[in-house]
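Below is one structure; the comments refer to it alone.
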Amino acid sequence: MGTRVRAVYRVSQAWHLLTARVQPEEQQVINMLLPPAARVLFVTMSVGDQRHCLNVCYALKEQGCSDRDLLAAALLHDVGKGGGRVRFWMRPVLVLLRALAPGLLHYLAASPDAFWRRPFYAAWHHADIGADLAAAAGLSERVALLIRTHHDPAGPAALLHAVDDRS
C-alpha cells in the first residue's frame, strides 16, 4: 500500500473510531459469546475498539465461522488496549513511530516501569495483556491463545488476523 493510500486509510480509521457506536441490540451478540466477567472486559475498551471488535466478529460470521472460541477472541482481541492503557491521542503517535522510527518505538515499548512508557508498552504488548485479562476472566486457554496470537498471520488465530488486518 502506497504512503498516500496508507495515510488516507489511517485518517479514515481515526474518523471511524471517533464516530463509532454500538447499538443496544448488539448486546445480544456479546451476551451470547462472552461470559459475564468477559463482558466487563469488553466495556473497558473504547467505543471505537468495541465497534471494531464487533465488526471483526461479524466478518468472521459472514465467512461462515461458527467457532465460539474464535468469535469470543474476535470480540476481545484488542482488550489489552482498553482500561485507559492506550488512549486515542496516542494512536497517531504510535502509527508515526512505527512508520518513521520503529527502533525508538521498540525502545519505548520495552518496559512499563516508567509511567510515560506504559502506553507504548500496552500498545506493543496488547495481545499478551488481552490474553492474560481473558484468562483471568475465566475464558478458555484456547481463547487466550487466539487473542495472544492474533497478530501472527500463520499462527492459530490466522483467520482472526486476516479479518482484523482488513478492518
Side-chain angles (χ1 to χ4, degrees), residues 1-20 22 30 34 37-57 70 72-158 160-167:
M1 189 180 295
T3 304
R4 183 179 173 145
V5 172
R6 193 82 171 143
V8 169
Y9 169 74
R10 289 298 186 180
V11 169
S12 170
Q13 257 189 333
W15 177 253
H16 289 296
L17 280 173
L18 285 171
T19 61
V22 174
I30 297 161
L34 298 177
R39 290 179 213 146
V40 171
L41 285 179
F42 184 82
V43 298
T44 67
M45 291 188 288
S46 70
V47 174
D49 285 337
Q50 290 176 29
R51 173 80 271 144
H52 165 71
C53 289
L54 278 161
N55 290 346
V56 170
C57 180
L70 187 58
L75 287 176
L76 293 175
H77 72 276
D78 282 341
V79 75
K81 296 177 186 177
R85 283 180 285 279
V86 182
R87 302 223 183 258
F88 177 78
W89 65 267
M90 188 63 161
R91 292 173 189 228
V93 173
L94 293 162
V95 169
L96 288 171
L97 285 172
R98 184 174 287 136
L100 303 174
L104 177 58
L105 176 56
H106 185 69
Y107 166 75
L108 293 170
S111 169
D113 293 338
F115 77 93
W116 56 271
R117 291 175 89 169
R118 288 183 194 136
F120 299 102
Y121 180 87
W124 191 266
H125 298 280
H126 77 273
D128 290 327
I129 294 166
D132 293 344
L133 290 168
L139 290 162
S140 71
E141 287 181 25
R142 182 167 180 258
V143 172
L145 175 67
L146 293 169
I147 293 169
R148 190 175 309 281
T149 62
H150 81 269
H151 284 290
D152 182 354
L160 174 57
H161 169 79
V163 172
D164 182 38
D165 204 38
R166 291 192 304 267
S167 297

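Excluded from the calculations below are hydrogen atoms, water molecules and symmetry mates; all remaining heavy atoms, backbone and side chain alike, are included. Because the structure is predicted, anything quoted here is derived from the model rather than measured. Each residue takes its place number in the sequence, starting with 1.
Side-chain contact between N55 and V163 is absent, with no heavy atoms from C-beta onward closer than 4.5 Å. Side-chain atoms of V86 and R91, non-hydrogen and from C-beta on, do get closer than 4.5 Å to each other. Annotation: side chain of L97 is not in contact with side chain of Y107 (no heavy-atom distance under 4.5 Å).
For the pair L133 and R85, the tightest heavy-atom approach, listed with the atom from each and the gap, is CD1-NH2, 3.3 Å. Of all heavy-atom pairs spanning S167 and H52, the tightest one is CB-CE1, 3.6 Å. A158 and P153 make their closest contact through CB-O, 3.2 Å (heavy atoms, listed as atom of the first residue, atom of the second, distance). When every heavy atom of C53 is checked against every heavy atom of L75, the shortest pair comes out as CB-O, 3.4 Å. Shown here for L34 and R39, the closest heavy-atom pair between the two residues is O-NE, 2.8 Å. Annotation for A131 and A144: closest pair CB-O, 3.2 Å, computed over non-hydrogen atoms.
Note that CG of L76 is 11.5 Å distant from CG of L146, once rounded to the nearest 0.5 Å. Atom CG of D164 sits about 12.5 Å away from atom SG of C57, to the nearest 0.5 Å. Interatomic distance, H77 NE2 to D49 CG, rounded to the nearest 0.5 Å: 8.0 Å. Rounding to the nearest 0.5 angstrom, the gap separating the CG atom in L104 from the CG atom in L96 is 11.5 Å.
Within a 6.0 Å radius of CH2 in W116, other residues, nucleotides and ligands contribute more than 12 heavy atoms.
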Please evaluate residues T149 and L160 with respect to the criterion side-chain contact (heavy atoms from CB on, under 4.5 Å), reporting the C-alpha separation (whole Å), side-chain torsions for both, the decisive distance (0.1 Å), and the verdict.
CA-CA 9 Å; T149 62; L160 174 57; over 6 Å; no
Taking distance alone, no hydrogens or angles, what donor-acceptor pairs closer than 3.5 Å link side-chain atoms of residues 120-130 to residues at least two apart or in another chain?
{"from": "H125", "atom 1": "NE2", "to": "A109", "atom 2": "O", "distance (Å)": "3.2"}
{"from": "H126", "atom 1": "ND1", "to": "A123", "atom 2": "O", "distance (Å)": "3.0"}
{"from": "H126", "atom 1": "NE2", "to": "D78", "atom 2": "OD1", "distance (Å)": "3.2"}
{"from": "H126", "atom 1": "NE2", "to": "H150", "atom 2": "NE2", "distance (Å)": "3.4"}
{"from": "H126", "atom 1": "NE2", "to": "H151", "atom 2": "NE2", "distance (Å)": "3.2"}
{"from": "D128", "atom 1": "OD1", "to": "R148", "atom 2": "NH1", "distance (Å)": "3.2"}

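Residues passing the side-chain hydrogen bond (donor to acceptor under 3.5 Å, both in side chains) test with S140, sequence neighbours excluded: none.
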